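Heads up, the thing below is written out as structure tokens.
The chains referred to below are lettered A, B, ... by the order of the sequence lines, with proteins before strands, and numbering in each begins at 1. Remember, predicted model here, so these are calculated numbers, not experimental data.
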Amino acid sequence: MNQKLTLPPDGLERLFEVLKERGFTVVGPTVREGAIVYDRLASPADLPRGITDEQDGGVYRLKPRADGALFGYVVGPQSWKRFLDPPVKRLWRAERDGADFKIVPEEPDQETFAFLGVRSCEIHAMAIQDRVFTGGEHKDPGYEARRRSAFIIAVQCTVAGGTCFCVSMNTGPRSESGFDIALTEIVDAERHLFVVEAGSPRGREILAALDTRPAEADEMAEAEKRIAKAAAQMGRTLDTEGVHDLLMQNPEHPRWGEVAGRCLSCANCTMVCPTCFCSTVEDVTDISGDHAERWQKQDSCFTMDFSYLHGGSVRASTRSRYRQWLTHKLATWIDQFGESGCTGCGRCITWCPVAIDLTEEVAAIRANPPAGAESIKKGKP
Amino acid sequence: MARKRKPKLAVWKFASCDGCQLSLLDCEDELLAIAGAVEIAYFPEATRTRLKGPYDLSLVEGSITTPEDAARIHHIRRASKTLVTIGACATSGGIQALRNFRDVKDFVSIVYAEPSYIDTLEQSTPIAEHVAVDFELRGCPINKAQLVEVIAAFLAGRRPNTPEHSTCIECKRRGTVCVMVAAGTPCLGPVTHAGCGGLCPAYGRGCYGCFGPMEAPNTQAMSGAWKALGASEDEVMRVFRSYNAWSAPFRAESEAHEKEE
């Protein structure tokens, strides 16, 4: 087992220096526009100190917290997919060459990222996207390169948010693997420190360059206590027992029509989801007609164009689009990739302008299944 | 590629503020390329040259508000191979369509010293209610990058990339934090057609709906969310009754919140 170490908060300064010396761009949480977003950080001073977030369906507010914690909040509107799978990117350019044309490939990214403050649900989200982008026959080379080089510094959640349900999805709150370093913040009247552990040889190498000491038994116990507290604080729960069959056997459940009456079809849920991976491609030409470019843009199954085949959209109603999203996320994702597409991060609940809550929708379908579906109601196979 | 003949471009004005056609002159870097790629055959805002039709591409700004204009648009349609309407006036009737909700004669008698000089239609209506339109470019005003895209697409014979989804998608791609969720600021973004790039929320303001209704606007749910954030019935009525007031979804929603007089 990894030896646990203790790092004082000013040890983060050194962590930034060590990462920069090794060529990493540090990306982590910072306050902007009334929310905690992920952005490039110059130093630990950019972290949200003494700030927490209150979240509920359609509501997100920052609040002060007296203890000066640096990671005393949960996940915000963005996720790391913004950096691993940028929402707008040029794939290639083409230039006219007489009667022919030549393709000009994009230069590979020069930036390698160190992600600071990655939560357990987010590590699971990255693993889910890994399967999508690199698990099959057709890999996304840009994603693969960015992901492989990224250095992951996990932060164990010591507080849960109002829309969190990682415990239901078995994705947190503790990060067990998938990180290079994991930090657990302990902050109270007497002390402010991080219990740290390495999760990879790279992580051990970085930790060796920091000013750490072996963690005391009471520090490790306190770290565990705080993670357990977060686990007990989940704002939401989702009964996943038999959820695949529950949704697949209820395509005509009246609840789909009911939720469609509230759904704006605005796509916010899919844009904030850390596992939603859909994109569209736009080919553009300039006025001269001598230059063309192909752009890839983050897309959503809530747009009409998404299911546009010859003659029109296959999923023309909001009912069909919401059903498509939820059944893919919780059911057909399992058929496709062998696991659920949901990590229980709660973003789709918080950032829905009309507070549609997938945990409520699933519960409503489960509470009132059509006749003949009793076994699913009880959660039996 | 050497073209046999440059396509002839015409820019026409109906009831409007000229802002949308000015965005063509505002294209700056691309303007010379446009002038090089097309023959500007009719564009009184830019040149006294007036070449006869037919025109390969007509850009039409403004709404139909007078009997003369209702006739003139048919002549333009007949002289145009491709007719593209630009801006909220041409695509939905514009801010001047507010008169459609009242008796225009009442306004005329209040506004003009000699109402008898005024010859106007009862309603301000979009171009597509009068003639067939090949493409509608939304916005009040239009986004000049989208105008360049429409012209470039026309020249290449391809479909323009002007998605009809919500403005929310543009905000999220841009990285803007949702003003509705994080600040409780009412915003029309979820029911509004993309195109501006999510301009207002990027500056902490809610969306005003300048680009009109998106492809599948749930205006009723939108109004419910506005009221939950404290907007009154009157405010909800007014927010749907702006530049795109006469577009069918916004019109129906504003009427649902209009008090009986």
Side-chain angles (χ1 to χ4, degrees), chain A residues 32-39 53 55 57-62 76-78 82 86-88 96 99 260-268 270-272 280 282-290 292 295 297-300 302-306 313 316-318 321 350-356, chain B residues 1 3 27 30-38 148-149 151-153 155-161 163-169 171-187 189-192 194 201-204 214-222 224-225 228-229:
Chain A
R32 177 164 60 75
E33 298 169 37
I36 292 166
V37 300
Y38 295 147
D39 210 341
D53 48 7
Q55 302 195 32
V59 180
Y60 178 101
R61 293 290 184 280
L62 294 182
Q78 295 169 356
R82 186 163 190 84
V88 178
R96 190 182 295 283
R262 289 176 281 133
C263 176
L264 294 164
S265 203
C266 62
N268 274 309
T270 57
M271 304 305 275
V272 297
T280 186
E282 287 180 4
D283 289 340
V284 295
T285 50
D286 70 356
I287 294 286
S288 71
D290 292 333
W295 287 80
K297 295 183 173 180
Q298 187 184 2
D299 198 14
S300 169
F302 280 90
T303 74
M304 299 283 262
D305 272 351
F306 185 86
S313 291
S317 67
T318 299
R321 294 199 292 277
T350 298
W351 297 97
C352 173
V354 291
I356 293 171
Chain B
M1 185 174 65
R3 290 193 177 85
C27 283
E30 297 88 353
L31 185 59
L32 286 176
I34 292 170
V38 301
V148 172
E149 165 64 8
I151 295 171
L155 291 170
R158 64 174 172 85
R159 185 183 164 207
N161 294 300
E164 296 173 21
H165 55 59
S166 72
T167 303
C168 302
I169 291 182
C171 276
K172 287 293 186 286
R173 284 179 185 157
R174 185 173 178 152
T176 302
V177 173
C178 179
V179 297
M180 200 146 172
V181 171
T185 303
C187 176
V191 293
T192 299
Y203 293 91
M214 50 87 98
E215 58 195 4
N218 187 342
T219 53
Q220 203 180 343
M222 186 82 263
L229 291 173

Taking [X] for the side chain and [Y] for the main chain, is one N or O donor matched with an acceptor at less than 3.5 Å?
{"X": "B:Arg158", "Y": "A:Thr285", "answer": "yes"}
{"X": "A:Arg32", "Y": "B:Val177", "answer": "no"}
{"X": "A:Gln298", "Y": "B:Arg173", "answer": "no"}

### Query
Just one of B:Val38, B:Leu32, B:Leu31, B:Val148 clears the side chain to side chain contact (heavy atoms under 4.5 Å, CB included) bar with A:Ile287, so which one?
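The residue from B:Val38, B:Leu32, B:Leu31, B:Val148 that satisfies side chain to side chain contact (heavy atoms under 4.5 Å, CB included) with A:Ile287 turns out to be B:Val148.
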
Non-hydrogen atoms of chain B under 4.5 Å away: do they reach the side chain of [X], the backbone, both or neither?
{"X": "A:Tyr38", "value": "neither"}
{"X": "A:Thr350", "value": "both"}
{"X": "A:Asp39", "value": "neither"}
{"X": "A:Val37", "value": "side chain"}
{"X": "A:Ala260", "value": "backbone"}

Check each atom of [X] against the heavy atoms of chain A and say whether the ones under 4.5 Å are side chain, backbone, both or neither.
{"X": "B:Ala183", "result": "backbone"}
{"X": "B:Glu164", "result": "neither"}
{"X": "B:Thr219", "result": "neither"}
{"X": "B:Arg159", "result": "side chain"}

For the residue pair [X] and [Y], what are the closest heavy atoms and their distance?
{"X": "A:Leu264", "Y": "B:Met222", "value": "CD2-N, 3.6 Å"}
{"X": "B:Lys172", "Y": "A:Arg82", "value": "O-NH1, 3.2 Å"}
{"X": "B:Asn218", "Y": "A:Gly261", "value": "ND2-O, 3.0 Å"}
{"X": "A:Cys266", "Y": "B:Ser166", "value": "O-OG, 2.7 Å"}

Among [options], residue most engaged with chain B (heavy-atom pairs, under 4.5 Å):
{"options": "A:Gln55, A:Lys297, A:Gln78", "result": "A:Lys297"}
{"options": "A:Thr303, A:Thr318, A:Asp305", "result": "A:Thr303"}
{"options": "A:Ser300, A:Cys263, A:Ala267", "result": "A:Cys263"}
{"options": "A:Pro77, A:Gly34, A:Pro353", "result": "A:Pro353"}

Spacing of [X] atom [atom1] and [Y] atom [atom2] [to the nearest 0.5 Å]:
{"X": "B:Cys178", "Y": "A:Tyr60", "atom1": "SG", "atom2": "OH", "answer": "12.5 Å"}
{"X": "B:Leu155", "Y": "A:Asp286", "atom1": "CG", "atom2": "CG", "answer": "10.0 Å"}
{"X": "B:His165", "Y": "A:Asp299", "atom1": "NE2", "atom2": "CG", "answer": "6.5 Å"}
{"X": "B:Ile169", "Y": "A:Thr270", "atom1": "CD1", "atom2": "OG1", "answer": "6.5 Å"}

### Query
Among B:Ala225, B:Ala182, B:Ala221, who wins on heavy-atom pairs under 4.5 Å with chain A?
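The answer is B:Ala182.
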
### Message
Could you check whether atom CD of B:Gln220 has more than 12 heavy atoms from other residues, nucleotides or ligands sitting under 6.0 Å from it?
### Response
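No.
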
### Query
Given the rule in the side chain to side chain contact (heavy atoms under 4.5 Å, CB included) test, do A:Val284 and B:Asn161 qualify, once you have shown the distances and angles that lead to the verdict?
CA-CA 8 Å; A:Val284 295; B:Asn161 294 300; 3.3 Å; yes

